[in-house]
Peer 1: 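So that we are looking at the same thing, I have put the structure below in structure tokens.
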There are 2 protein chains.
Amino acid sequence: MTSTEKANAEKSSLRPTRQRLAVMEAMASFGDFRSAQDIHELLGERGEQVGLATVYRTLQRLADAGEVDVLRTEDGEAIYRRCSDSHHHHLVCRSCGATVEVEGPTVERWTSSIAAEHGYADVSHALEIFGTCPRCR
Amino acid sequence: MTSTEKANAEKSSLRPTRQRLAVMEAMASFGDFRSAQDIHELLGERGEQVGLATVYRTLQRLADAGEVDVLRTEDGEAIYRRCSDSHHHHLVCRSCGATVEVEGPTVERWTSSIAAEHGYADVSHALEIFGTCPRCR
DNA sequence: GTCGGAGTTGACAATCATTCTCACTTCATC
DNA sequence: GATGAAGTGAGAATGATTGTCAACTCCGAC
Ligand SMILES: [Zn+2]
Ligand SMILES: [Zn+2]
Ligand SMILES: [Zn+2]
Ligand SMILES: [Zn+2]
């Protein structure tokens, strides 16, 4: 089973419960990266009671399905953001977290050619850009 | 105080204790990324008794001084590797961990221009490439 | 409609990397 | 050989994440 088939299989067995819908709705309501605990808290404020473990589980499912992107803060905490489904990278403000999705063939080509040059196959990559956004300047 | 000055100040107050030398020596003895606990264990096997907390502290110092690079495994664990001091990225084998340092102006230019395009200042970036190395194929 | 089983949930416990605490040691300096 | 700052280590504490498991919800088969 390829990873795509597996993802589809998992997705197809997902029931659209109140909790999952609430998490997905919450994810749609902000544009920066937030931790599972942040999202759990946000849900609480909105009056949507969802268990913390369920928030973690749902975010994992969404991440596996590629519907959210996951990053790690400097101290290792996982943070999540709803993202477009096509391959892209992130330009993140170090101060306020404002995030822009960026893409371009340049890096894609560069990483492939570097990997090929060293005989590495089955290549993937992770790239994030950090800076201070115009509003935080 | 710039970050360089700070690093130097911190470095200058460092005493070359048996423990620190042992950690640095251990770091020089492998070429892939290892966790603090791995390194602690490695030290134990070599007969160098160093407390786990000290290993953590030393790795942090080295990382702050830019003498080792830090990555995060998929499950958030920090892994360390002794690296050249110039800016570079990593091509890592997903199977055996074999790591190659790579660099090139292409990505550097691309990230800068993307950031500038969106008005982000004070830019840095993180890029890792993952694949299967020739020996693991 | 109701039965049954798979999928789901949440309170709580458990895990586990990392950090903290603090009494003790080392080392340079005087 | 006294002093104080830097460093250490055993063990406790922290805190994000995951595991457990009994209760609950769907939904299709009957
Ligand atoms: Zn994204
Ligand atoms: Zn890319
Ligand atoms: Zn490196
Ligand atoms: Zn670079």
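Chain letters run A, B, ... following the sequence lines, proteins first, then strands; residues in each count from 1. Computed from a predicted structure; not experimentally measured.
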Peer 1: Please list, by residue number, the residues of residues 36-52 of chain A whose heavy atoms come closer than 4.0 Å to an atom of DNA chain C; answer none if no residue qualifies.
Peer 2: Q49(A), V50(A), G51(A)

Peer 1: Rounded to the nearest Å, what distance is computed from the CG atom of residue L71(A) to the P atom of nucleotide dA16(D)?
Peer 2: 18 Å

Peer 1: Would you mind reading off the distance between L21(B) atom CG and dA6(D) atom C1', rounded to a whole angstrom?
Peer 2: 15 Å

Peer 1: Side chains of R94(A) and S124(B): do they bring a donor and an acceptor to under 3.5 Å?
Peer 2: yes

Peer 1: Under a plain distance cut-off of 3.5 Å, with no hydrogens placed, do R57(A) and T54(A) share a side-chain donor-acceptor pair?
Peer 2: yes

Peer 1: So which protein nitrogen or oxygen atoms get under 3.5 Å of nucleotides 25-30 of chain C's nitrogens or oxygens?
Peer 2:
from, atom 1, to, atom 2, distance (Å)
dT26(C), O2, R15(B), NH2, 3.2

Peer 1: Ignoring backbone atoms, test whether Q19(B) places a side-chain nitrogen or oxygen under 4.0 Å from the OP1 or OP2 oxygen of dG9(D).
Peer 2: yes

Peer 1: May I ask you to decide whether R18(B) forms a salt bridge with E48(B), counting only side-chain N to carboxylate O separations under 4.0 Å?
Peer 2: yes

Peer 1: Please report whether the ring centroid of F33(B) lies less than 6.0 Å from that of H90(B).
Peer 2: yes

Peer 1: Would you check if there is a donor-acceptor pair between the side chains of S29(A) and R82(A) at a distance under 3.5 Å?
Peer 2: no

Peer 1: Confirm from the modelled atom types if R57(B) and dG9(D) form a donor-acceptor pair under 3.5 Å, side chain to base only.
Peer 2: yes

Peer 1: Taking atom P of dA16(D) as reference, at what distance in whole Å does atom CD of E77(B) sit?
Peer 2: 18 Å

Peer 1: Report yes or no: does R34(A) contribute a side-chain atom to a donor-acceptor pair with the main-chain N or O of D38(A) at less than 3.5 Å?
Peer 2: no

Peer 1: For dT9(C), take OP1 and OP2 only and decide whether either is under 4.0 Å from a side-chain N or O of R18(A).
Peer 2: no

Peer 1: From CG of D75(B) over to P of dT18(D), roughly how many Å is that when rounded to an integer?
Peer 2: 8 Å

Peer 1: In whole angstrom, what separates L59(B)'s CG from dA17(C)'s P?
Peer 2: 15 Å

Peer 1: Working note: E101(B) + R81(B), criterion salt bridge (charged side-chain N to carboxylate O under 4.0 Å, His left out); need CA distance, chi angles, decisive distance, verdict.
Peer 2: CA-CA 11 Å; E101(B) 294 187 15; R81(B) 177 180 191 268; 3.0 Å; yes

Peer 1: When you measure from the side-chain N and O atoms of Y56(B) to the phosphate of dT18(C), is any distance below 4.0 Å, counting only OP1 and OP2?
Peer 2: yes

Peer 1: Distance check needed: dT17(D) C1' versus R72(B) CZ, whole Å only.
Peer 2: 14 Å

Peer 1: Side-chain N or O of R61(A) versus OP1/OP2 of dT8(C): is the shortest distance under 4.0 Å?
Peer 2: yes

Peer 1: What nucleotide, of dT18(D), dA10(D), dT18(C), holds the atom closest to the side chain of A53(B)?
Peer 2: dA10(D)

Peer 1: Do H89(A) and H125(B) have side-chain atoms, one donor and one acceptor, less than 3.5 Å apart?
Peer 2: no

Peer 1: Quick one about Q19(A) and T58(A) (side-chain donor to acceptor, distance below 3.5 Å, no hydrogens or angles considered), yes or no?
Peer 2: no

Peer 1: Given atom CD of E74(B) and atom P of dC16(C), what is their separation to the nearest angstrom?
Peer 2: 18 Å

Peer 1: Could you state the CZ-C1' distance from F33(B) to dA17(C), rounded to the nearest angstrom?
Peer 2: 19 Å

